Each structure stands twice: as C-alpha cells, then as structure tokens.
J.: 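This is the structure I have questions about; it appears just below.
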Number of protein chains: 2
Amino acid sequence: MQLPCEDCPIRYRAVCATCETPELTELEGSKYYRRYEAGQTVVLSGERMDFVASVVSGIASLTQTLEDGRTQMVGLLLPSDFLWRPGRDSSPYDVTAVSDLLLCCFRRRPFEGLLRSSPRIAARLLDMTLDDLDAARDWLLLLGRKSAREKIASFLTILARRDAMLRQAQTPGLVVLDLPLTREAMADYLGLTLETVSRQISALRREGVIALDGKRRVIVPDFNRLVAESGDDSDGGLPS
Amino acid sequence: MQLPCEDCPIRYRAVCATCETPELTELEGSKYYRRYEAGQTVVLSGERMDFVASVVSGIASLTQTLEDGRTQMVGLLLPSDFLWRPGRDSSPYDVTAVSDLLLCCFRRRPFEGLLRSSPRIAARLLDMTLDDLDAARDWLLLLGRKSAREKIASFLTILARRDAMLRQAQTPGLVVLDLPLTREAMADYLGLTLETVSRQISALRREGVIALDGKRRVIVPDFNRLVAESGDDSDGGLPS
DNA sequence: CGAAGCTTTGATTTATTTCAAGTACAGTGG
DNA sequence: CCACTGTACTTGAAATAAATCAAAGCTTCG
C-alpha cells in the first residue's frame, strides 16, 4: 500500500526531490495516500483543506467558475506537481480528479513546520512555485492572444513536452500522445467551447498535422510542424 | 538619493517586509536605485539580468510577444512587487517602465546568497510568489472566459483594490482611479484590441457605471455596481 | 500653427459561439 | 448476441462578439 520513497516514481521531481535521508525519513513516516476515481472531487472552492499533497500518478485539475457557470481551468496537475498553498486553510479553486488519481499526502500543520525547519524543502517549493508561475504566464499568452487552432496545437506541444520531461527523454520527431482530457476539459483549459475544440482537432487531422487513433490517442508525425502551428517562437523548444 | 529603509514607502509590503534590523542593515548596505522614464525598457526577453529589484514607485509591465507581433502582458508590477526569479540569469519577458519607475536593486549573486542564509526573506519571497500565482490564475479566468465589458470592469476593480491595499484603506463606495496605462497597454493586459477597450469604456460611461475626468481619470460612483459588471462572484471582495 | 500620440467612433468582416442534429462507442441487461 | 442507454464526440447552420480597416477628434508640445 505504502510505497517506499526510494521507489517512488516522482522521487526526483516532486517537492521532496532535494531531500536527504533524514528529511526523507521524517516525510516517509508521516505520509499517507489518497486515491480518487476519474471525475471525483478532491476539494471544492472555499472548502477547508487540511492536507498538502504531491500527485504520484494521474491528473487533477484546478478550476474556477463564474456565477453563471462559465468555467476556466487554472491549473492542470500532473505527476510530481504539488497541491497546496502553505499558510492558507481553504482552497480557492475546485480540485477534481481528471483521471484516476493517487496523491501522496501530509497533514498540513506538520508539513508547515517542516517547511520552517528545512530550508531545502522550502527552496524546492519556491522553485516549483516559480515554475508554476512561468507556466501560468505562458498560459496567459495562449488565452489572450492565440487563435483556436494555435491553442490546440500549443496544448498538444505542452503535453508532449511534459511527457518527455517526466520520462527524461527528448521530444522526438514522431510523438504519440494519449489525451488525458475530454473535449470539454480541453475547452475549459483553452478558453474555448467544446465544439470549437472538436472542429480544430478535425481540421488539424484533415491537414495531416496530426492523426487520430480512436478519440483520445493523437499521433504527431512531425513535431516541428505542430510547433509551427502553435504560434510560439520556433526556438522555444529542444533542438530537432 | 538613497532613502533609508525605515522611511521607504514599501517597507512593510516588499520582499524585505519581514526583515529584522540585522538583515535590513545588510540589505541597506548593498542596495542601489535605478530610475527609468515612462516607456523605457528595463530588460528585453532573453537578455542577461544581473540584478533583482523591488518596485518602489511607478509601474512596470512584463510582456510576451509572438513572432507576428501580437503581444500579451503577463505581469503588471506595482509598488512593492518584486522583479526577478532567483536562479535564472536571463529574463523570459520584456520588462518595460509603464510610468516613471524607481527600482530598489540588489546584485543578483549576493541576493541569492542572502536568500540561502535568511529563511525569513526566503519565506517572504515564497509568499509573494504564491500571491502572484493566485493573481495569475484569476487573470486566466479573465482572459479565458470574460466578455470585453467584464474584462474592463474587472481591471478597474483590480486597480481599485490594489490601490486600497497599498494605502491600507477599505475600498469605499466612491472610488477615484488614475489609469496608469494607455488604452493599448490595457488592451495588452486584457487580451483585447485598443478599439474594443475604448468602446467598452465609452459604454460603461454612457450607462453611468463610471465617469471620466479627462482620458485617464475614472470616477466610480458605486463600486459594487462595477463589481457586479465584472462577472465575479459577488462575495469575493470586502463588505460594502 | 503643425505634428505626433493617444483616443474615439463608424462600417465591415470574421472567428468563435450558440443552437441543433446526428454519429460512434462502451457498458448493461434481456 | 443484440437492442438500448448514456456519454463523448462530430458536424452543420445561424447568430454574435470582437477584430479589422478607416477616419477623425483631442491634447500636448515644439
């Protein structure tokens, strides 16, 4: 049930990445897992949240909703991402398990103490937060200025790069991607309607930029072609 | 020329907010000021950046630009905001002085050392970064799901609240705001064109939600009315 | 006064949304 | 094994919000 930290798939990516043995032992002693099925709510906006957690496997979303029901995803948590803000006790967003989800959790108070006593963990959390902020700023550009087509292409490149990063691989020319999100969740991520998402995916398929195997598996024959469709500066990514 | 830290207008809001006398003395010894005129570039994207800084007065923007010239603002730095990411030596964004700007600067290397030796400063920086991340996430909602009209109303409420925050006041019913941005810069912030910004401001004026005194001074007779136009949950702000 | 920069307003076009069917597919139970 | 249901997805036609193209108004500054 309880995976030893040494064998954890996110050991060198998560908030505990830079921990040495003594800290790791302390974490290991107090950690516990939570599992959620796809679609389940982890916490609702405004609800008390008395644990912090790393995503071990699966995907979770953070969403905000306007009074009239319009919703925007504001965070997509992939394995190794960290869930929660120290020093705050209720969630400002809805957190939902997008796929089956495994969280490695710690009670909030003890973790906050550890954060004070261990500069290494604090530094790692700062670093991860700064990465999140950079990602959010790229996302602002996407939402504010990109066309629907560019949004879809950008989203696919983001997924492909995140995936390559986790597997410590380079993004090759040919990429096979399993979309973790429904068309509706993609629409919430991209600030579009699900119909527009569907249409743009169809258009990219018609033009040979991508191919589909079923509804959820995307084959990208030429990753650079996809990047070119994303509207980003060509030099943003890895060579070849 | 050199303002003593005790008299600094952002003493209790900036990254140094929680510093005690010894740390403050160390900071005070190595700080230096930089001034920029409205419109001047602070750093360009990709350029080496060997200092970190707090905004003392004035406003700076962070912007990203696509190859074809479309630009999106991704950060608006007001007094007390902190400029730069420790551990990275080139800026990922263009930083521009929107108004006349005064920065309180520290050389990057020594500051990074201080960050390692002073948990108080590190904790403060984490806290500020988390605030930035929350603000960025609200911004995602604005860009992804709000109408042009709601975007303008939201922007005005954000400015009013930030202003009240700095002055430690409550946002009263009647608010007078000086817009720090041109219509074009507002458009870059909101993911609109400058014409749409102008039209929506005119529409809000026609309907009495706001009044204008010149092009840049906005009078809000009823702050709650403005908030209602912003599309946000009504309970987000301060009472009355 | 004239030029430049910022802003407003109008007319038109267009990308995306909205409304509306319809298809594909997996799971369930007869 | 096959109809049946529900969910996810696709596609079409019409409506619409915002962009684009174009012109003119207001300030400020030399």
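Quick note on labels: first sequence line is chain A, next is B, and so on, each numbered from 1. Just so you know, these numbers come straight off a predicted model, no measurement behind them.
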J.: Separation of B:Lys146 atom NZ from D:dA18 atom P, in whole Å?
T.: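 Taking atom P of D:dA18 as the reference, NZ of B:Lys146 is at 13 Å.
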J.: Counting the atoms with a prime plus P, OP1 and OP2 as sugar-phosphate, which does B:Ser198 contact under 4.0 Å by heavy atoms, base, sugar-phosphate, or nothing?
T.: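 Base, at least one base heavy atom under 4.0 Å.
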J.: Tell me if the aromatic rings of A:Phe155 and A:Tyr189 count as close, with their centers under 6.0 Å from one another.
T.: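 Judged by ring-centre distance (under 6.0 Å), A:Phe155 and A:Tyr189 do meet the cut-off.
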J.: If the cut-off is 4.0 Å, is A:Ser202 near the phosphate of D:dT11, judged by side-chain N/O to OP1 or OP2?
T.: yes
J.: In terms of the nearest nucleotide of DNA chain C, which residue is placed more toward the 5' end: A:Lys215 or A:Arg149?
T.: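 Result of the comparison: A:Arg149.
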J.: Heavy atoms only, 4.0 Å cut-off, all strands: where does A:Thr196 land among base, sugar-phosphate and nothing?
T.: base
J.: What is the distance, rounded to the nearest whole Å, between atom CG of A:Leu192 and atom P of C:dT17?
T.: 5 Å
J.: In whole angstroms, how far is the P atom of D:dT11 from the CD1 atom of A:Ile201?
T.: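 Between P of D:dT11 and CD1 of A:Ile201: 11 Å.
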J.: Expressed as a whole number of angstroms, how long is the span from A:Leu179:CG to D:dA8:P?
T.: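 The distance from CG of A:Leu179 to P of D:dA8 comes to 15 Å, rounded to the nearest Å.
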J.: Can you figure out which of C:dT8, D:dC9, D:dA18 approaches the side chain of A:Thr182 most closely?
T.: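 Selected nucleotide: D:dC9.
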J.: Relative to the 5' end of DNA chain C, which residue comes earlier, B:Arg199 or B:Glu184, by the nucleotide with the nearest heavy atom?
T.: B:Glu184
J.: Any salt bridge between A:Asp68 and B:Arg145, counting N to O under 4.0 Å?
T.: no
J.: Round to a whole Å and report the spacing from CG of B:Leu194 to P of D:dA22.
T.: 15 Å
J.: For A:Gly39, report the nucleic acid contact type (base, sugar-phosphate, nothing); a contact means any heavy atom under 4.0 Å.
T.: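 The answer is nothing, as A:Gly39 stays clear of every strand by at least 4.0 Å.
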J.: Looking at side-chain heavy atoms only, is the closest gap between B:Gln72 and B:Val74 below 4.5 Å?
T.: yes
J.: Between A:Arg85 and B:Asp134, is there a side-chain N and carboxylate O pair less than 4.0 Å apart?
T.: yes
J.: Is A:Arg216 close enough to D:dA8 that one of its side-chain N or O atoms is under 4.0 Å from OP1 or OP2 there?
T.: no
J.: Distance check needed: D:dA19 C1' versus A:Arg145 CZ, whole Å only.
T.: 10 Å
J.: Which part of the nucleic acid does B:Arg70 contact within heavy-atom distance under 4.0 Å: base, sugar-phosphate only, or nothing?
T.: nothing
J.: Got a sec, which residues hit ring-ring contact (aromatic ring centres under 6.0 Å, His included) with A:Phe82, two or more places apart in sequence or on another chain?
T.: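 ring-ring contact (aromatic ring centres under 6.0 Å, His included) check on A:Phe82 returns A:Phe111.
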J.: For the pair made of CZ in B:Arg183 and C1' in D:dT27, what is the distance, rounded to whole Å?
T.: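 Interatomic distance, CZ of B:Arg183 to C1' of D:dT27: 13 Å.
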J.: Please state how far atom CD in A:Glu195 lies from atom P in D:dC9, giving the value in whole angstrom units.
T.: 12 Å
